[in-house]
Amino acid sequence: MTKTMESRRVMIGVTDIMRKMGIGRDKAYELIKSKQFYTIKLGTRYLVHEDVFEDWMKGRL
């Protein structure tokens, strides 16, 4: 396994979604709670698999 594959994050959070889409925190939480893609809640954090989110952004879901 290469070094870049080992260090790649699999799950992304609200801050990452905000950065990728150029939206604010409220809109990011609204998007996560809309259930347009699978998310998990770990404690107080919402997480989504990066590949799932990327596929959703590309219209593949």
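Because the structure is predicted, anything quoted here is derived from the model rather than measured.
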Only counting residues at least two apart or in another chain, list the ones meeting side chain to side chain donor-acceptor pair (under 3.5 Å) with Thr44.
none
Heavy-atom distance under 4.5 Å between the side chains of [X] and [Y], does that happen here?
X: Tyr38; Y: His49; result: no
X: Tyr46; Y: Leu31; result: no
X: Ile32; Y: Val48; result: no

Any salt bridge (charged side-chain N to carboxylate O under 4.0 Å, His left out) involving residues 33-46? Give me the pairs, sequence neighbours left out, ordered by first then second residue.
none
Looking at Ala28 and Val14, what are the two nearest heavy atoms and their distance?
CB-CG1, 3.8 Å
Considering only distance and modelled atom types, tabulate donor-acceptor pairs under 3.5 Å from the side chains of residues 15-22, sequence neighbours left out.
unit_1	atom_1	unit_2	atom_2	d
Asp16	OD1	Arg19	NH1	3.4
Asp16	OD2	Arg9	NH2	2.4
Asp16	OD2	Gly13	N	3.0
Lys20	NZ	Glu50	OE2	3.2
Lys20	NZ	Glu54	OE2	2.8

